[in-house]
Amino acid sequence: MLPVLLSIPHGGTEVPEELRDRVCITPRDLFDDSDACTVDIYDLGSEVRCVVTSDIARAFVDLNRAPDDRPPENADGVVKTATCFNRPIYIPGREVDAALTERLLARYHTTYHDRLRAAAADPGIALALDCHSMLAAAPPISSQQGRARPLFCLSNLDGTTASHELLAQLADAISRAYHISAAQVGLNDPFKGGYITQRHGGGRLPWIQVEMNRVLYLADAWFDADRLRVAPERLAELRERFRAAVGSLSF
């Protein structure tokens, strides 16, 4: 068993029961706003020390945002009003108010982070990876809209949550496992690390944020856009490569 904690916060697709009579988001918009298929790709099950996931879609409660990062200041905050493509999430007049926001955070956001904290206390864990996917180019909400992204991005908040040596070791392992060049693995670019690595990193346990470009599985060769379905053999292949990368690290 690998001494690794895997956090997969954005792989969920469910609508919280508190919101089911409020949403107008379409299945395609929900898919596009999620880290689709990341549980299929990153969840190594009993081969690692611990895996923490969520069933709730990030469009409703974003576990990688700070609790005070909210609309209207940030429409893409912890409880969003629109997707990253500026698609509305809620029926007009049925948006989430402050009291409901607090209930959602207590039930889903706080609980997820409590699970991470409990898992990270295990002395048998030597590395935590916060696992995500990213669009091939920055979305409309980004200050870098349209900018092309590498196949992977690894982040340690510029050395705050894990050593640069460990980051470089993981980058090399991913490059070899996925048969891609080192130039296709960005380090702290375009992401430096989100709320999860910021909150839980910086202590005994090194934390690294992992972002995989969705072009690796949402390209036409593997993705049925009408059914929103990815070829399972492609997801299995990507998972095997991830397993090989993590398994080659020195702990």
Side-chain angles (χ1 to χ4, degrees), residues 7-16 18-43 53-65 69-72 74-92 94-96 104 108-109 112 130-153 155 186 190-191 194-196 209-232 234-235 237-239 242:
S7 164
I8 313 172
H10 288 163
T13 59
E14 292 187 6
V15 181
E18 298 91 338
L19 302 178
R20 287 174 187 163
D21 63 345
R22 296 174 178 264
V23 301
C24 64
I25 189 172
T26 69
R28 180 58 196 252
D29 288 336
L30 183 59
F31 183 91
D32 289 342
D33 196 67
S34 301
D35 282 4
C37 305
T38 48
V39 174
D40 298 294
I41 292 169
Y42 291 118
D43 189 348
T53 66
S54 174
D55 295 329
I56 301 301
R58 68 173 297 191
F60 308 112
V61 181
D62 193 330
L63 305 170
N64 200 31
R65 297 286 191 273
D69 184 7
R70 306 183 186 187
N74 182 11
D76 191 47
V78 65
V79 175
K80 309 178 191 304
T81 56
T83 73
C84 62
F85 290 101
N86 293 319
R87 301 289 192 180
I89 294 173
Y90 298 102
I91 298 167
R94 298 287 291 154
E95 294 85 359
V96 176
L104 292 169
Y108 303 107
H109 191 278
Y112 190 85
D130 189 42
C131 303
H132 300 263
S133 69
M134 58 183 172
L135 292 160
I141 61 166
S142 173
S143 61
Q144 301 177 333
Q145 179 180 355
R147 179 191 174 194
R149 290 168 168 173
L151 294 181
F152 281 88
C153 174
S155 312
F191 303 107
Y195 177 71
I196 288 174
Q209 180 173 300
V210 179
E211 298 269 359
M212 175 188 290
N213 195 313
R214 294 175 202 164
V215 73
L216 289 174
Y217 59 97
L218 295 187
D220 290 343
W222 309 291
F223 180 48
D224 182 338
D226 293 327
R227 299 168 61 197
L228 299 180
R229 184 179 181 274
V230 180
R234 179 57 175 174
L235 297 176
E237 178 187 358
L238 295 174
R239 185 172 59 252
F242 180 64

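Remember, predicted model here, so these are calculated numbers, not experimental data.
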Which heavy-atom pair separates [X] from [Y] by the least distance, and what is that distance?
X: Asn64; Y: Tyr195; result: OD1-N, 3.2 Å
X: Arg234; Y: Leu216; result: NE-O, 2.8 Å
X: Cys37; Y: Val230; result: SG-CG2, 3.7 Å
X: Met134; Y: Pro190; result: SD-CG, 4.5 Å
X: Asp40; Y: Arg239; result: O-NH1, 2.6 Å
X: Asp33; Y: Arg58; result: O-CD, 2.9 Å

Enter the distance from [X]:[atom1] to [Y]:[atom2] here, rounded to the nearest 0.5 Å.
X: Cys84; Y: Asp32; atom1: SG; atom2: CG; value: 7.5 Å
X: Lys80; Y: Asp69; atom1: NZ; atom2: CG; value: 8.0 Å
X: Arg70; Y: Asp62; atom1: CZ; atom2: CG; value: 13.0 Å
X: Leu135; Y: Arg149; atom1: CG; atom2: CZ; value: 6.0 Å
X: Ser133; Y: Asn213; atom1: OG; atom2: CG; value: 8.5 Å
X: His132; Y: Phe152; atom1: NE2; atom2: CZ; value: 13.5 Å

Would you say [X] and [Y] make side-chain contact, with heavy atoms under 4.5 Å?
X: Phe85; Y: Asp29; value: no
X: Val23; Y: Tyr90; value: yes
X: Phe223; Y: Leu228; value: yes
X: Leu238; Y: Trp222; value: no
X: Thr26; Y: Phe31; value: no
X: Tyr108; Y: Ser54; value: no
X: Cys24; Y: Ile89; value: no

Please work out which of the three classes, parallel, tilted or perpendicular, describes the rings of Phe242 and Tyr42, given edges at 30° and 60°.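 Ring orientation of Tyr42 relative to Phe242: perpendicular.
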Quick one: does any side-chain atom of Glu18 pair with a main-chain N or O of Leu104 as donor and acceptor, under 3.5 Å?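 No, Glu18 side chain to Leu104 backbone: no donor-acceptor pair under 3.5 Å.
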Given 3.5 Å as the limit, does a donor-acceptor pair link the side chain of Ser34 with the main chain of Ala36, or not?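 No.
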Check against side-chain contact (heavy atoms from CB on, under 4.5 Å), Asp130 and Val210: CA-CA 6 Å; Asp130 189 42; Val210 179; over 6 Å; no
Check the pair Asp55, Thr13 against side-chain contact (heavy atoms from CB on, under 4.5 Å), reporting the backbone distance first and the verdict last. CA-CA 6 Å; Asp55 295 329; Thr13 59; over 6 Å; no
Should we count CZ of Arg22 as having more than 12 external heavy atoms under 6.0 Å?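 Above 12, so yes.
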Within a reach of under 6.0 Å around CG of Asp220, are more than 12 heavy atoms found that belong to other residues, nucleotides or ligands?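 Result for CG/Asp220: open.
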Decide side-chain contact (heavy atoms from CB on, under 4.5 Å) for Ile196 and Gln209; before the verdict, give the C-alpha distance in whole Å, the side-chain angles of both, and the deciding distance to 0.1 Å. CA-CA 8 Å; Ile196 288 174; Gln209 180 173 300; over 6 Å; no
side-chain contact (heavy atoms from CB on, under 4.5 Å) for Ile25 and Thr83? Distances and angles first, verdict last. CA-CA 9 Å; Ile25 189 172; Thr83 73; 3.7 Å; yes
In plain terms, say whether Asp35 and Arg214 are close enough for a salt bridge, that is, a side-chain N and a carboxylate O under 4.0 Å apart.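 Counted as a salt bridge, because a side-chain N and a carboxylate O are separated by less than 4.0 Å.
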